Amino acid sequence: MSPSPFRRIALLALASMLSTAALAAADDADPRIAALLADLAKAQPIEATAISPDGKQLAWVIQHEGKGVITLAAADGTHPRTLTAAAKPGTCSESGIAWAPDSRHLAFISNCRIDLTSTQPMHNDIYLADTSADTAPVRLAELSGYVRALQWTADGKSIGFLFVRGATRHASAVAAAKPLTGEVGVSGVEVQRVASIDVASGTLQELTPAGMYAYEFNWSPDGSRIAYTAAQPPGDNNWWVAKLYVQPAQPDAKASVLVDPATAASGSLRGLQIALPRWSPDGARIAFIGGLMSDQGSTGGDIYAVPANGGGLVDLTPGILVTPRWLTWTAPNAMLVGQIRNGQSEVADYAVNANAATQRHVRFSVPASIGDGSAAMGLSLSHGASHVAYVQSTFAKAPEVHAGKLGNQPPPAVTTINAALRPAWGKAESVEWDNEGFHVQGWLLYPADYDPAKTYPMVVMVHGGPASAVQPRWPGVGYGGAPLSALGYFVFMPNPRGSYGQGEKFVQANRRDFGYGDLRDTLAGIDAVEKKYPVDDNRLGLTGWSYGGFMSMFAPTQTQRFRAVVAGAGISNWQSYYGQNLID
């Protein structure tokens, strides 16, 4: 398995400034590279996990040879068995697991007719499995189009989901776009709507307006209404200006705007983004996360709330020094929040009143990436939030499902899917420093086989976004800092201003100031690293992807400190950027 041309060029460019030995390491003849890529490919990605409402069963989805495979097990991971809609396992690709309130039935999405050309409508069927019986899953709906985000009503009678009728591609600004034909922006526009299916009859209803592109939704506690974020199509372009709506859960029902960030009376949200709407258990309020977000899915900001029948918008967490990324109500006056603090994942309890959400207690904090597959830092909870499940990975440990009682300690791993894998790179440490009134954090990977008596070159990797954050996670194939660490570099991954983890003021500190303040933070971070670790300042490299690619092109115009730079998918011209992609 040889590296792609881009990987070869990237490694050669980064290595060329460092030493003859490092240059040789980037050559295809060096067996380390092929071996490293082969080892990285051994990790099995765990795409989602869900715990049953009674806390007794688990389900998870593993990506295997390009297809999603569902496993059912007891809550402690024992007695695993494969669940599929096909007669032969591995024939279909399955996803979207969602437990029914009865803890007995599991709904999922199955695609048994995969079109690798992405030119034919997708076939995403919804199935229902009785996990207490040895019977084949029953197909509830055969749908032509894209289906995701299954969500049951509390009474177990209906399943809601996001549906793009006739879609040939995933609904995402970063998915490959359809060929532009006809009148651009008018012909062939696909619209994602909130739909529902009646479990007993199989009746399908599309709930949200045909001219409105929905991004996320949530059922009211009694199932009579839905809250959702939406914008005018084309949806891939317009998530950044989405509004919060509420309407009865019926076709052709009137939708009411609860929050429009473009005109929000609360100045802290004006012109920003909203995500993750969640009804309070009493149906009185809808909470969501609002802030400066770079892409859909990269959720982070303050916690806001608005009355479900309309009224004043409240920022419940102004001035906090963490970044909430996920939330759920646990009572009308309490929330469980997943948040980033200093590059680490935290789960915390918040007390909520009419005007504020105040952190009461941090349940646990882990130097890891966690999530259930439904949202950034999402957790799968049992009824009453007594048990929790999520997927966790670090620089040192590949992804595993963690599950158990929700207490003051992180739950243990209950799978050994990737337990045999060992890192070929060095250990990781959190690094913190102060610059221009900001507290800044980043992650440093040591070189493999580190010897403190030697000096080493260092590659600085700038993350995408910029509204995002570097957190410890097992690397994918051929990208990220770990492969460079394995080849003998220090790898520094800063979270400068614009990043999550220090509060919304820090996130917005480089708003309309791309590259300047965050570069100064990064350079100050390099100084902090060099004071403590044996890094050769004459052998510094810089690289990044997306916003990190932009920074990699921008930095050499501001400093001569880096001896070589590799930019991936960076922005070089704002006008062509606006006109040639789906991220307006």
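All values below were derived from every heavy atom in this structure, side-chain atoms included, with hydrogens, water molecules and symmetry-related copies excluded. Keep in mind it's a predicted model, so treat the numbers as computed, not measured.
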Identify all side-chain donor-acceptor contacts of residues 243-253 below 3.5 Å with residues at least two apart in sequence or on another chain.
residue	atom	partner	partner atom	Å
Q247	OE1	Y228	OH	2.8
Q247	NE2	L207	O	3.0

Show your working on salt bridge (charged side-chain N to carboxylate O under 4.0 Å, His left out) between R165 and E206 and close with a plain yes or no.
-> CA-CA 10 Å; R165 184 179 291 276; E206 293 181 75; 2.6 Å; yes
Could you walk me through whether V391 and W60 pass the side chain to side chain contact (heavy atoms under 4.5 Å, CB included) test, one step at a time?
-> CA-CA 9 Å; V391 179; W60 60 82; over 6 Å; no
I would like to know whether S345 and M377 meet side chain to side chain contact (heavy atoms under 4.5 Å, CB included); could you show each step before the answer?
-> CA-CA 8 Å; S345 297; M377 290 191 67; 3.6 Å; yes
With side chain to side chain contact (heavy atoms under 4.5 Å, CB included) as the test, would you mind laying out the steps for F161 and N124 before giving the verdict?
-> CA-CA 12 Å; F161 52 94; N124 284 181; over 6 Å; no
Taking it one step at a time, do L128 and F108 satisfy side chain to side chain contact (heavy atoms under 4.5 Å, CB included)?
-> CA-CA 7 Å; L128 187 64; F108 63 93; over 6 Å; no
Salt bridge (charged side-chain N to carboxylate O under 4.0 Å, His left out) evaluation trace for R363 with D349 | CA-CA 7 Å; R363 294 279 188 142; D349 290 309; 2.6 Å; yes
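At least one donor-acceptor pair under 3.5 Å links the side chain of W99 to the backbone N or O of A50. Between the side chain of T323 and the main chain of G501, a donor-acceptor pair closer than 3.5 Å is present. Under the 3.5 Å distance criterion, the side-chain polar atoms of W329 are left unmatched by any main-chain donor or acceptor of L336. Although no hydrogens or angles enter the test, the distance criterion places no donor-acceptor pair under 3.5 Å between the side chain of T82 and the main chain of T71. Checked by atom type and distance alone, the side chain of N218 never pairs as donor or acceptor with a backbone atom of A227 at under 3.5 Å. Under the 3.5 Å distance criterion, the side-chain polar atoms of Q273 are matched with a main-chain donor or acceptor of M293. At distances below 3.5 Å, at least one donor-acceptor pair connects side-chain atoms of W152 with backbone N or O atoms of A98.
No option in E346, Q392, Q344 other than Q392 meets the side-chain contact (heavy atoms from CB on, under 4.5 Å) test with V366. Of the listed residues (T84, L106, I70, L83), just one forms a side-chain contact (heavy atoms from CB on, under 4.5 Å) with P137, and that residue is L83.
In this structure, I51 and D372 have side chains that are not in contact, with every pair of non-hydrogen atoms separated by 4.5 Å or more. Counting heavy atoms from C-beta outward, V191 and R193 have side chains that approach closer than 4.5 Å. Annotation: side chain of V362 is not in contact with side chain of F364 (no heavy-atom distance under 4.5 Å). Taking 4.5 Å as the limit, every side-chain heavy atom of Y390 sits out of range of all side-chain heavy atoms of V401. Between D315 and L269, the closest side-chain pair of non-hydrogen atoms is not below 4.5 Å. Under the 4.5 Å side-chain criterion, counting only non-hydrogen atoms from C-beta, I417 is not in contact with P399. P53 places none of its side-chain heavy atoms less than 4.5 Å from the side chain of S382. At a threshold of 4.5 Å between non-hydrogen side-chain atoms, the residues Q502 and L321 do not count as touching.
The closest side-chain donor-acceptor pair between Q471 and S369, if any, does not fall under 3.5 angstrom. Between the side chains of D54 and H387, no donor N or O sits under 3.5 Å from an acceptor N or O. Of the N and O atoms on the side chains of N309 and R225, at least one donor lies less than 3.5 Å from an acceptor on the other residue. Defined by atom type and a distance below 3.5 Å, a donor-acceptor pair is present between the side-chain atoms of E400 and T415. Residues T131 and Q57 bring a donor and an acceptor atom of their side chains to less than 3.5 Å of each other. For the residue pair S298 / D295, no side-chain donor-acceptor distance below 3.5 Å is found, with atom types taken as modelled.
Around NE2 of H79, the count of heavy atoms belonging to other residues, nucleotides or ligands within 6.0 Å does not exceed 12.
Side-chain rings of Y547 and F514 approach one another, their centers coming within less than 6.0 Å.
Across every non-hydrogen atom of N495 and G343, the tightest pair is ND2-CA, 4.4 Å.
Applying the salt bridge (charged side-chain N to carboxylate O under 4.0 Å, His left out) definition to pairs two or more places apart or across chains, those involving residues 130-149 are R104-D130, R113-E142, D125-R139, R139-E142.
Of the inter-residue distances, the one linking I289 atom CD1 with L272 atom CG reads 13.5 Å to the nearest 0.5 angstrom. In this structure, NE2 on H123 lies 16.0 Å from OH on Y146, to the nearest 0.5 angstrom. Atom CG of residue D282 and atom CG of residue N333 lie 9.5 Å apart, to the nearest 0.5 angstrom.
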